[in-house]
Amino acid sequence: MNKGTLNRLREQYPVAIRIELLKMDDPQAPPVGTRGTVEGVDAIGNIMVRWDNGSGLNLVPGVDECRIVSTMPPSVKEQILAIRDTGLTNMFDVTAVQCIALAMNMYELVTWLKEYGNEYCYFILYNTCSD
């Protein structure tokens, strides 16, 4: 895999993005429709996924198919980082984060946290400083 293609895959499938499986050519593949969180793109271009059903099979671009089901809007990321920078709470205390967000008029974050709690926790664990 050439470096340009690898970089494009990493831009298209950044860590913590949520995807849904459409097709996987593997007898032990998760069922079509299974959602998962991208953990990265390896050196040969496979998309590493932590599937919600516990599977850890990677996606092979050009063979397997998926769709992105959510991305963290840049405004939500900024709001999360702004709350983190206050030092007012443990960022894993989602209820406290929501309360602080309300107090800071960050309504988009409050709403987003209700729907994407898993994506939020993954972001806090693995991707707090990347863009």
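- Taking all atoms of both residues into account, the shortest heavy-atom contact from E20 to G33 is CG-O, 3.6 Å.
- Atoms CZ and OG1, from R84 and T89 in turn, are 13.5 Å apart once rounded to the nearest 0.5 Å.
- Under the 4.5 Å side-chain heavy-atom criterion for grouping Ile, Leu, Val, Met, Phe, Trp and Tyr, V41 is connected to M1 within one hydrophobic cluster.
- With values rounded to the nearest 0.5 angstrom, I17 atom CD1 is found 10.0 Å from T37 atom OG1.
- The shortest non-hydrogen separation linking I19 to V49 is CD1-CG2, 3.6 Å.
- Across all non-hydrogen atoms, the minimal contact from Y116 to V69 is OH-O, 4.4 Å.
- Residues K77 and L81 are in side-chain contact: their nearest non-hydrogen atoms beyond the backbone lie under 4.5 Å apart.
- In D25, the CG atom is not crowded: 12 or fewer heavy atoms of neighbouring residues, nucleotides or ligands sit closer than 6.0 Å.
- V15 places none of its side-chain heavy atoms less than 4.5 Å from the side chain of F123.
- Taking all atoms of both residues into account, the shortest heavy-atom contact from P30 to L57 is CD-CD1, 4.2 Å.
- Nearest heavy-atom pair, S75 versus E108, reported as atom, atom and distance to 0.1 Å: OG-OE1, 2.6 Å.
- The side-chain heavy atoms of R35 and R67, taken from C-beta on, include a pair separated by under 4.5 Å.
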Quick one: do V38 and I47 satisfy side-chain contact (heavy atoms from CB on, under 4.5 Å)? Show the steps, please.
-> CA-CA 7 Å; V38 171; I47 302 164; 4.0 Å; yes

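- For the pair M24/E65, no side-chain contact is recorded, criterion being any heavy-atom separation below 4.5 Å from C-beta on.
- Looking at D52 and R18, a side-chain N of the basic residue comes within less than 4.0 Å of a carboxylate O on the acidic one, giving a salt bridge.
- Taking 4.5 Å as the limit, some side-chain heavy atom of Y13 sits within range of a side-chain heavy atom of C66.
- Interatomic distance, CD of E78 versus CE of M72, reported as 11.5 Å (0.5 Å rounding).
- M91 has its side chain within reach of V97: a pair of non-hydrogen atoms, C-beta onward, lies under 4.5 Å apart.
- Put simply, L125 and Y120 are part of the same group of oily side chains (I, L, V, M, F, W, Y) that touch within less than 4.5 Å, one to the next.
- The OG1 atom of T5 sits 4.5 Å away from the CZ atom of R8 when rounded to the nearest 0.5 Å.
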Quick one: do L59 and W51 satisfy side-chain contact (heavy atoms from CB on, under 4.5 Å)? Show the steps, please.
-> CA-CA 11 Å; L59 284 169; W51 297 103; 4.0 Å; yes

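- Residues M106 and I80 have side chains not in contact (no heavy-atom distance under 4.5 Å, counting atoms from C-beta outward).
- Between the CD atom in Q98 and the OG1 atom in T111 there is a gap of 9.0 Å [rounded to 0.5 Å].
- No single ILVMFWY cluster, assembled from side-chain heavy atoms under 4.5 Å apart, contains both V60 and L9.
- Contact annotation: the side chain of I83 approaches that of L109 to within less than 4.5 Å [non-hydrogen atoms, C-beta and beyond].
- The two residues C121 and F92 come nearest to each other via the heavy atoms O-CE2, 4.2 Å.
- Atom CG in D64 sits 7.0 Å away from atom CG in L21 (nearest 0.5 Å).
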